[in-house]
Peer 1: 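Handing you a structure now.
Numbering of ligands and ligand atoms starts at 1, following listing order. Side-chain atoms are counted along with the backbone in the values below, which use heavy atoms only and exclude waters and symmetry mates.
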Amino acid sequence: MTEELNPLQLEIIDSLGVPAGWEPLPPEIMAGVETMLADELAPIDGLFTPEDPLRVTKHHLGTVHGCEKRFVAERSQKFAWSVPTVRGTVAHKAIELMINWPGEPVPADLVEAAITSIIENPRESASTFLETLPDHDMAELRGQVAQLVTNFGDCFPPIKPQWRPMVEYTAKYSLFSGAVIFTARMDLVLGLPGRRVIIDLKSGWIGAQHRDDLRYYALIETLRSRQAPRRLGTYSLERARLDHEEVTEGILQAAVRRTGQGARAMAELIAGTRDAEVRPGFHCRWCPLNQTCEEGVRHLHTLDGDEADGDDW
Ligand code: SF4
């Protein structure tokens, strides 16, 4: 089978395979991680209730660690879909269909089926957005997603049913009787519990914070299943590259510290016990305040200037 794979596919098989002598993390590490998270969040115990809990997600943590002012702004605004934000959702659905598609999948057919599936599912929040998308935007979306799906099919090894693939796999964990709820929705999970590989699919570039995102997933999966996953990987559909690392005790502890710090900051900002810090950065591009926030506008001007000078980013 492997001799039919191209060099990029072989590279991914090498990166994600179980190395000789690999051993799962011992159970006492899971217990230690759980205690550490409860200790990190002890200062906010009692601030939330199961009826009105603090909800923590990868996006919340990334936002609050990026710019707190953006976190506060996003909380007060209703999320609105756009072609760039729905692109990843359609691509994930198309890849899910590809895994179970009968026969040789054609990217354009997968994209069409993915769009139909989302529109016909009333539980999908992108459903109405896609249904009412003007023809020219829909055509642009189809083209962009078909390219991502083609890249995935060309560069990622064909996923076998024996690998137990799960797309959009959700894990939940709660503390303080449900007053703090952690949710993780993983793009692609392969393997059996205790030796799972968690893969995040990115439609664009891979940045340093993507490792933090996956470490958060590893933490929630560990706490939920009482077994740590084996490996984490971020796969760029655009660049056909995989960034990966093994799950270790140190990585889980780093995830606990970042999650604890982020959740405490979220609690303080929601309670209004301090002002939000303003931290301009690349994330200003996706901020709802990026037309009015002085620091953000200035930062984006600088970024645009750098790009005009030939920077890759
Ligand atoms: S534009 Fe940038 S600096 Fe301003 S609030 Fe948004 S993310 Fe923060």
Peer 1: Test K58 against every option in D200, D212, D187 by the salt bridge (Lys or Arg N to Asp or Glu O under 4.0 Å) rule and name the one that passes.
Peer 2: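 That would be D200.
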
Peer 1: Give me the protein N, O or S atoms that fall under 2.8 Å of atom 4 (Fe) of ligand 1, sorted by chain and residue number.
Peer 2: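 Those protein N, O or S atoms (cut-off: under 2.8 Å from atom 4 (Fe) of ligand 1) are C293 SG.
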
Peer 1: May I ask you to establish whether R185 and Y217 are in a cation-pi arrangement, using a distance under 6.0 Å from NZ or CZ to the six-membered ring centre and at most 45° from the ring axis?
Peer 2: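 Negative - R185 is either too far from the ring of Y217 or too far off its axis.
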
Peer 1: Is it true that a side-chain atom of R55 and a backbone atom of H60 form a donor plus acceptor pair closer than 3.5 Å?
Peer 2: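 Flag not set: sc R55 to bb H60 has no pair under 3.5 Å.
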
Peer 1: Are L16 and V189 linked, directly or through other ILVMFWY residues, by side chains that come within less than 4.5 angstrom of each other?
Peer 2: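 They do not share one cluster, since no chain of ILVMFWY contacts under 4.5 Å joins L16 to V189.
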
Peer 1: Report, in ascending order of atom number, the atoms of ligand 1 lying under 4.0 Å from any heavy atom of H283.
Peer 2: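 Contacts of ligand 1 toward H283, numbered from 1: 7 (S).
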
Peer 1: Answer yes when E246 and R230 have at least one side-chain N-carboxylate O distance shorter than 4.0 Å, and no when they do not.
Peer 2: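 No.
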
Peer 1: Would you please classify the geometry between the F156 ring and the Y235 ring as parallel, tilted or perpendicular, with 30° and 60° separating the classes?
Peer 2: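 Ring orientation, 0 to 90° scale: perpendicular.
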
